[in-house]
Structures are given as C-alpha cells and as structure tokens.
Protein chains: 2
Amino acid sequence: MLNKRSRYAIKALIFIARANALQHPASVSSIADTTTIPNKFLESILHDLKVAGFVLSRKGSGGGYYLSRTADQVFLADLIRVMNGPIAMVPCVSLNYYERCEYCADERTCGIHAVMEELRDASLAILAKTSIADLIRREDWMKEPEA
Amino acid sequence: MLNKRSRYAIKALIFIARANALQHPASVSSIADTTTIPNKFLESILHDLKVAGFVLSRKGSGGGYYLSRTADQVFLADLIRVMNGPIAMVPCVSLNYYERCEYCADERTCGIHAVMEELRDASLAILAKTSIADLIRREDWMKEPEA
DNA sequence: ATAAATCCTACCAAATAAGTAGGAATAGTA
DNA sequence: TACTATTCCTACTTATTTGGTAGGATTTAT
C-alpha cells in the first residue's frame, strides 16, 4: 500500500498544477484548506518534493509552490519512488532500490524472482506513463462527461 | 513491498509441496534448517497458514505440515492477501480490504482512483494465476535448462 | 516412558509512519 | 520602516507495524 506521504503528494501536485495553470503559485495553507491534509505535515511533504526536484518555491508574501516542469512530465512512478520507496514487491527485483536476495542461493534459478520481475514490469507499464496531467484530465473529463 | 511473513510463507509452501510430493510431511525445523527462516518465527507463520486454510498439520513424532490442496491450487494472490494485506495500492480500490477514500468527495470522479484500479487489475492478472506449483516448475526448469 | 513434533499465550525491541512545535529567514506591501 | 504572509529548518512526539523471542502445554509414534 502507498503511504500517506505519497497520496498527499499526488493530491498536492494536482492542486499545484491547477494553480500554476492560472498563473499563480500554491501556498501550503491554500492546499491544506481544500484537501484536509494537515498543514504542518503537508509542509514537510512539499519540502521533500522540492528536494527531489518536483517543485520550486518562492518565499515571502504571495509566494508558494510551482511545478518545476510541465504536469505531463511528472510521472507517478518517479513520485512513488521518492515518497514511498520501491515499485517492486521484493528488493531483489527493484530497479532503483536493488538489494541482493538473502534467502536464495541464486537469483537466476529462483522461481519467485521471475514472477516478481513480471509484476514489477506490469506495474511500471502503468505508473511510468501516467502523469499528473493525465490525472487532471481524467478528473475534468469525468466531471463533464459530455465535453 | 512484501513483508517477510509473505516471503517466508512462499518459501515454506514450496518446501512443503516438495516434501509432500515425496509422501511425507514437512516439520518446522526441517524447513527452518534449509531456508534460514528463524524457527520460532516460522512456527507462527505456519500457524497463520493453517488458520487460513492453506495447510493441515499432524502433531507428534513424525508429524509436520501438508498442503490442504494441490500446489497448483495455491495462488500467490490469496497468500499475499492473508500474509501481507491488500494487493491494491490504495484502500478505495481494494477488492478484499475496501475502505472508502477519506480525501475525495466522489470516487467516480477521482482521477487517481481509476489509475489505481488499472494497477490492481494488472497485478492481479499475474498474482491470481501464479501458483506454488508454477514456482516449483520454474525452479526445476531453470536448474535443468535442457530438460 | 520418551522423544519429536505442533499448539498456544504472551511478551519485546526496532523500525517506520504520521504528525506536531517553534521559530528563523525572506519577500512583498503599505 | 513596520507588518504580514509565506517558506525553511530542526527537533520532538506518538502510534502502529514488523520481526521476532520465551516458555511451556499438548499430542503422537515408537
């Protein structure tokens, strides 16, 4: 399961992208007010997002957060890796957090390994192509089915 | 990521299936010895597997654990659900552990929801068809490529 | 009887997750 | 210049989950 940091991060990025589209930054409190994410917790999540390069910020009055790239270049896979950890279900098939399997002598002959690779690829096929822009499009489309 | 209970459970069930194929039960210590799973921890995992109906046991000298069904009827999806929890990455798309989403007003118009359903189905497509027997076949096949 | 096994209850320690507190630094505005 | 709205930074707290361990009761084959 995704942790709350990831889920909140997705929600927050959607909000920021929408604000940016209207030419203004999104402040922590504006996001917290409309999403019910605890203010201080959100602050620390946005800090992580900044360190990871997803957003930029402007301090002071009228400041807030911006996407560092267009919303169609922010992919769920990257976001989840930063906020939640590996996409894979076992470390020995993780592309970004690989750890040698401690319990099998040889990964090449481990039956579990192969299945877990399949699973990783199937997940990645979805997560690495779905962007924040896609999520926004889906929301908008679903709210106005005749558009 | 899968927790250790799940990973150990998979390893243990493979061992038990192999032992059963030779007409004898698998004792906790025989499994622990060949897999490096801590003895007492394994004991508690096997207890869970019994309660969940995956295995049967016989007490006393010469006793141990049996699969309650053939190895090709023990699927990873079922095992993971019992030992690890939901397959889905968010509770609001879980088939077996559903919880209403606390942060979106309407699931039908939530853009995240739809993607998470896709992801769940992609994972399930693999996990619900892969059995312990499949894992054993893969192991055997990979160890003897010319068979 | 005895040895080999499961069964059962309780406990424990470390890690992770989720969030809070308090204030310093910065930037726009009156 | 003062004020206010904001991010930035460090540290703390609290609850839950994870990965075990301890110790003994019960059952069964020999």
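Lettering follows sequence order; numbering is per chain, from 1.
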Can you pull every protein N or O that's under 3.5 Å from an N or O on nucleotides 13-16 of chain C?
none

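- The OH atom of B/Tyr65 lies 13.0 Å from the CG atom of B/Asn20; values are rounded to the nearest 0.5 Å.
- Residue pairs satisfying the salt bridge (Lys or Arg N to Asp or Glu O under 4.0 Å) criterion with at least one member in residues 46-73 of chain B, sequence neighbours excluded, are listed as follows: B/Arg5-B/Asp48.
- To the nearest 0.5 Å, atom SG of residue A/Cys110 and atom CD1 of residue B/Ile14 are 7.0 Å apart.
- Rounded to an integer number of Å, the gap from A/Asp48 CG to C/dA18 P is 13 Å.
- Nearest-nucleotide mapping onto DNA chain C: of B/Ser27 and A/Lys4, the residue sitting toward the 5' end is B/Ser27.
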side-chain contact (heavy atoms from CB on, under 4.5 Å) for B/Ile16 and B/Leu46? Distances and angles first, verdict last.
CA-CA 11 Å; B/Ile16 294 169; B/Leu46 287 170; 3.8 Å; yes
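- Transitive grouping of hydrophobic side chains (ILVMFWY, heavy atoms separated by less than 4.5 Å) brings B/Val82 and B/Leu2 into a common cluster.
- Within residues 56-71 of chain B, the residues that place at least one heavy atom under 4.0 Å from DNA chain C are, in residue-number order, B/Ser57, B/Arg58, B/Lys59, B/Gly60, B/Ser61, B/Gly64, B/Tyr65.
- Between B/Gly63 and B/Ser27 the shortest heavy-atom distance is O-CB, 4.2 Å.
- A distance of 12.0 Å separates CG of B/Leu67 from CZ of B/Arg18, quoted to the nearest 0.5 Å.
- Within residues 34-45 of chain B, the residues approached by DNA chain D to less than 4.0 Å at the level of any non-hydrogen atom are B/Pro38, B/Lys40, B/Phe41, in residue-number order.
- How far CD of B/Glu117 is from CG of B/Leu95: 8.5 Å, rounded to the nearest 0.5 Å.
- Contact footprint of chain A on DNA chain D: nucleotides with an atom under 4.0 Å from a non-hydrogen protein atom, first to last in 5' to 3' order, D/dA5 to D/dC9.
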Criterion side-chain contact (heavy atoms from CB on, under 4.5 Å) on A/Leu49 and A/Met83, from CA distance to verdict:
CA-CA 8 Å; A/Leu49 288 177; A/Met83 304 302 286; 4.0 Å; yes
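- In plain terms, the two heavy atoms of B/Val93 and B/Arg120 that are nearest each other are O-NH1, 2.8 Å.
- By the 4.0 Å N-to-carboxylate-O rule, A/Arg138 lies close enough to B/Glu118 to be salt-bridged with it.
- The shortest non-hydrogen separation linking A/Leu119 to B/Ser123 is CD1-CA, 3.6 Å.
- With rounding to whole Å, B/Asn3 atom CG is found 13 Å from C/dA17 atom P.
- Every side chain to side chain donor-acceptor pair (under 3.5 Å) that A/Asp134 has, sequence neighbours left out, goes to A/Ser131, A/Arg137.
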